[in-house]
Amino acid sequence: MASFFITTAIDYVNGMPHLGHAYEKVLADAIARWRRSRGDDVFFLTGVDEHGQKVQQSAQKQGVEPQAFCDEMSAHFRRLCERLGTSHDRFARTTEDSHKRVVAQFLQQLHDAGDIYFEEHEGFYSVRQEQFVTEKDMVDGRWPEIFGDVVKTKEPNYFFRMSKYQDWLRTYAEEHPHWIFPSFRRNEILGALEKPLGDLCISRPKSRLSWGIPLPFDPEYVTYVWFDALVNYVSFSKWGQRDCRWPADVHTIGKDILVPAHGIYWTIMLKALGIEQPRRFLVHGWWHLRGEKMSKTTGNVVDPLELIDRFGADAFRYYVLREMAVGQDADFSPENFAQRYRSDLGNDFGNLVNRAISMIRRYRGGNIPSAPIDPDIAAAIHETRDGVAAAMDDFETHRALERIARLTQRANQYVDERAPWRLAKDPALAADLDAVLATLADTVRVLGILAEPFIPHTAARIQQQLGMDKPDFRFAASVPDGRLAGQTVGEPQPLFPRIESPEDRRAP
RNA sequence: GCCAGGGUAGCUCAGUGGUAGAGCAGGGGACUCAUAAGCCCUUGGUCGGGAGUUCAACUCUCCCCCCUGGCACCA
């Protein structure tokens, strides 16, 4: 059995989950489920990033301990996963002791190796924002109002010797064309490497930032951002155990954190630690809302939970996986969502399942006939599973769903071509009717298997409605072999019921 | 500024040298198993602009315009 380890980025708990968080989890989940259906031994890791200045400040503002704040915020993200139905095997929290131990161990190792050094750093410090700023933050030669007083200060800190690995990284990037998906994003790393790489400041004095993991070699400091967050991929991979899952096969991330965080920092950190590199990065794009960039400041955000409440988790999953060409940006609009729900899911997919089961009940008392599967449809099924497999191996969920939609359409056509209601009127055509119903039952069953990575709840309902006593989502079972013959179907229940919207009621 | 991705039917996008495609939306039709769903037919585009190469360009070359993104802590 092949092993497959996929991660999402861990979400920063300073804000509430939004569409982007939800998408990334669904994308990784679809791939994880896909690999499971192929028989791989999958380990799927997601989680949250809980340390840092903003969390400390937010907790302070609310008058609670940072840990209590994290507990509360993390619950929102965990809840999001539950609502989405993600099949993760581990939900990482960076405040867990096991994680902190690994971070400390890694820091110590790099310090011992001379890759971390201590140096006086002179810079501009914004008292109001409690952070260092650079001349680049100036507008027209002045510090913007939001920074308040900016003073020049000296603060000694610890630095990670990244510059030492620049040449190695460039060679690595050049020699691994499939390292980043989509491939054009690898150029962004190569581009960033054209300029000399500075060393990375990895510490903050405890006096300014206490909510972090202490440096093992200097308790007056905590480690800052990336050294904490990125290590989660390793620290939660059962590191140090015999069944350790590292290296990851796929790191799913947003395009905003490829350069420099993952492509440069993380890659060099692993190199310096002597740890194997992840096989690939799957870099997705951004969601826009009605053509505009989503931003918390303008309130231009989409709450995934609201959509799930109204349309269900599978409708949400389907929409994002169908609408976004992996790696590209995509536009979200409520109208488009409702449209896809009604048309793709309700009218085409859900209705096909419904009419197939209804006819089996009406014409054969619910018993799936034993009859040969229509060869054209059988061919279409084979073509579809091949297409889905090819698409999913390239992470192209939108193409996989397109293939599934095509088979759905083909099956709907088939119903009209054969017109079972006509066959049912003539007892001499009973064998033909049997063949049509058997073909439909198998097509619906296969559609359920192929759709499971995308819409798992619905897939389970399909098998239930087909009267299968135990679920079977193995890709290997997605062949037209009439294996349901003799079984009794269950009650047909609309999978994606028509949802009345206020606009619909206005119709004359 | 540098680098990358993109500009094709009302909308979302596919298409890489040989008479422009799909889905949705719009229009028409036949049917009734089904979630008033599905099926069939159909309207619709000087393929961002200009020049060039070619018997032939959406497809190759060059120039230009526009959008988006990366280069700078935010899925």
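Residue numbers start from 1 in every chain, and the chains themselves are labelled A, B, ... in the order their sequence lines are given, proteins ahead of strands. Source: prediction; values computed, not measured.
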Quick one: do A/D11 and A/K25 make a salt bridge, cutoff under 4.0 Å?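 Salt bridge present between A/D11 and A/K25.
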
Using a heavy-atom cut-off of 4.0 Å across all strands, would you classify A/P260 as base, sugar-phosphate, or nothing?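 It contacts sugar-phosphate atoms only.
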
Please encode protein proximity along nucleotides 33-39 of chain B as a string of B, S and -, counting only heavy-atom distances under 4.0 Å. BBB-SBS

Side chain to side chain contact (heavy atoms under 4.5 Å, CB included) partners of [X], counting only residues at least two apart:
X: A/A419; answer: A/W421, A/R422
X: A/D393; answer: A/W34, A/R38
X: A/L190; answer: A/R170, A/A173, A/E174, A/N187

Which pairs would a plain distance check flag for residues 435-443 of chain A, meaning a side-chain donor or acceptor within less than 3.5 Å of a matching protein atom at least two apart in sequence or in another chain?
from   : atom 1 : to     : atom 2 : distance (Å)
A/T439 : OG1    : A/D374 : N      : 2.9
A/T439 : OG1    : A/A435 : O      : 2.7
A/D442 : OD1    : A/R445 : NE     : 2.9
A/D442 : OD1    : A/R445 : NH2    : 3.1
A/D442 : OD2    : A/D481 : N      : 2.9
A/D442 : OD2    : A/G482 : N      : 2.6
A/T443 : OG1    : A/T439 : O      : 2.7

When you look for runs of 3 or more Watson-Crick or G-U pairs in a row, both distances below 3.5 Å, which of them include RNA chain B?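 If one scans RNA chain B for consecutive Watson-Crick or G-U pairs, the stems found are B:1-7 with B:65-71, B:10-13 with B:21-24, B:26-29 with B:39-42, B:48-52 with B:60-64.
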
Taking atom C1' in both B/U43 and B/G48, compute the distance separating them and give it to the nearest angstrom.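 It comes out at 25 Å once rounded to the nearest Å.
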
Which donor-acceptor pairs under 3.5 Å do side chains of residues 258-267 of chain A form with protein atoms, sequence neighbours excluded?
from   : atom 1 : to     : atom 2 : distance (Å)
A/H262 : ND1    : A/I257 : O      : 2.9
A/H262 : NE2    : A/Y233 : OH     : 2.8
A/W266 : NE1    : A/H251 : NE2    : 3.2
A/T267 : OG1    : A/H262 : O      : 2.9
A/T267 : OG1    : A/G263 : O      : 3.0

Side-chain donor-acceptor pairs of residues 356-368 of chain A under 3.5 Å, sequence neighbours excluded:
from   : atom 1 : to     : atom 2 : distance (Å)
A/S358 : OG     : A/N354 : O      : 2.8
A/R361 : NH1    : A/G490 : O      : 3.0
A/R364 : NE     : A/D434 : OD1    : 2.6
A/R364 : NH2    : A/A430 : O      : 3.2
A/R364 : NH2    : A/D434 : OD1    : 3.2
A/N367 : OD1    : A/T488 : OG1    : 3.0

Mind checking what makes side chain to side chain donor-acceptor pair (under 3.5 Å) contact with A/D348, not counting sequence neighbours?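 Counting only residues at least two positions away or on another chain, A/D348 forms no side chain to side chain donor-acceptor pair (under 3.5 Å).
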
Would you mind telling me which residue lines up with the more 5' stretch of RNA chain B, A/K255 or A/A325, judged by nearest nucleotide?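 Nearest-nucleotide comparison on RNA chain B picks A/A325.
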
Calculate the interatomic distance between A/L258 atom CG and B/G70 atom P; express it in whole Å.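 Whole-Å distance recorded here is 11 Å.
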
